[in-house]
Amino acid sequence: MTDTPDHDAGAHKVRMQAVQRAQREKTREARDPERGLVLVHTGNGKGKSSSAFGVIARALGWGQRVGVVQFIKGSWKTGERAFFARFPDELVWHTMGEGFTWDTQDRDRDVAAATQALARAEAMITGGDFDLVVLDEINIALRYDYLDIARVLDVLDRRAARTGVILTGRDARPELMDYADLVSEMREVKHPFAAGIRAQRGIDF
Ligand code: ATP
Ligand code: MG
């Protein structure tokens, strides 16, 4: 095999050293945040909630305390819920009493349930006992105006210094994305549902 300029080992090393220098410089200049970060996972592709569950695993690995509030009633039994039940001392999980579903047609009931879930979330976020609080599918409640965006931003702004918050769900409000430190948009490239394949245990719930 002949070495083209691109594959020249010496040149590669010099280039990589320059990349490494630039990276180290950036890392040196970066700082720790004054308080927990606010993360938003949105978009129409799969991975918003499961990514949040991955962050929960990381936090638990460091012995941190985690709270989860689910704003939509998903499947009654999920793998994540069963798994995280193994951490009763570190993790508090709250599913909205009467989670709304696509079938719900009682708006007042949905608003009451979402408001109550937000009250639970507020206590966790402002109380100072949690390192991470996940508000799963809260963007759906905001999208349907079950919750007021100004009220949610006010809760986030009063978060305890140690507490980071992840908010998931499609169609995140622009005001929330402005406020957040991190916004990731999952974009659907391909999903088995389009080919008529139903949700799979372990992969989807
Ligand atoms: P996950 O919990 O798997 O990370 P998600 O939180 O990104 O998914 P949601 O909008 O909360 O997605 O939808 C939850 C359920 O809908 C999951 O079972 C997921 O596999 C499925 N789903 C997610 N994205 C799509 C899609 N683009 N088309 C069809 N079904 C989807
Ligand atoms: Mg989700």
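When a ligand or atom number is given, it counts from 1 through the structure's own listing order.
- Remark: Arg65 engages no residue in a side-chain hydrogen bond (donor to acceptor under 3.5 Å, both in side chains) (not counting sequence neighbours).
- Every side-chain hydrogen bond (donor to acceptor under 3.5 Å, both in side chains) that Asp154 has, sequence neighbours left out, goes to Arg158.
- Residue contacts with ligand 1 for His41 are absent, since no atom lies close enough (heavy atoms, distance under 4.0 Å).
- The residue Met186 has no part lying near ligand 1, judged by heavy-atom distances below 4.0 Å.
- Taking any N or O of Gly47, backbone or side chain, at least one lies under 3.5 Å from an N or O belonging to ligand 1.
- With a 4.5 Å cut-off on side-chain heavy atoms, Val165 and Ile125 count as touching.
- Residue-level proximity to ligand 1 for Asn44 is carried by the backbone, the only part with a heavy atom below 4.0 angstrom.
- Of all the atoms in ligand 1, the ones that sit under 4.0 Å from a non-hydrogen atom of Gly45 are 7 (O), 24 (N).
- Residue contact annotation: Ser50 places no N/O/S atom under 2.8 Å from the Mg ion (ligand 2).
- Side-chain contact check for Trp93 versus Leu91: some heavy-atom pair is nearer than 4.5 Å.
- For atom 27 (N) of ligand 1, a protein heavy-atom neighbour is present inside the 4.0 Å cut-off.
- Considering backbone and side-chain N/O atoms, Ser51 never comes within less than 3.5 Å of an N/O atom of ligand 1.
- Counting atoms of ligand 1 from 1 in the listed order, those under 4.0 Å from a heavy atom of Ser50 are 1 (P), 2 (O), 3 (O), 4 (O).
- Ring planes of His191 and Phe193: perpendicular class, angle over 60° (limits at 30 and 60°).
- In terms of distance to the Mg ion (ligand 2), the nearest N, O or S atom of Glu137 is named OE2.
- Rounding to the nearest 0.5 Å places CZ of Phe83 at 10.5 Å from CD1 of Ile56.
- In summary, Asp204 and Lys46 engage in a salt bridge, as defined by a charged side-chain N under 4.0 Å from a carboxylate O.
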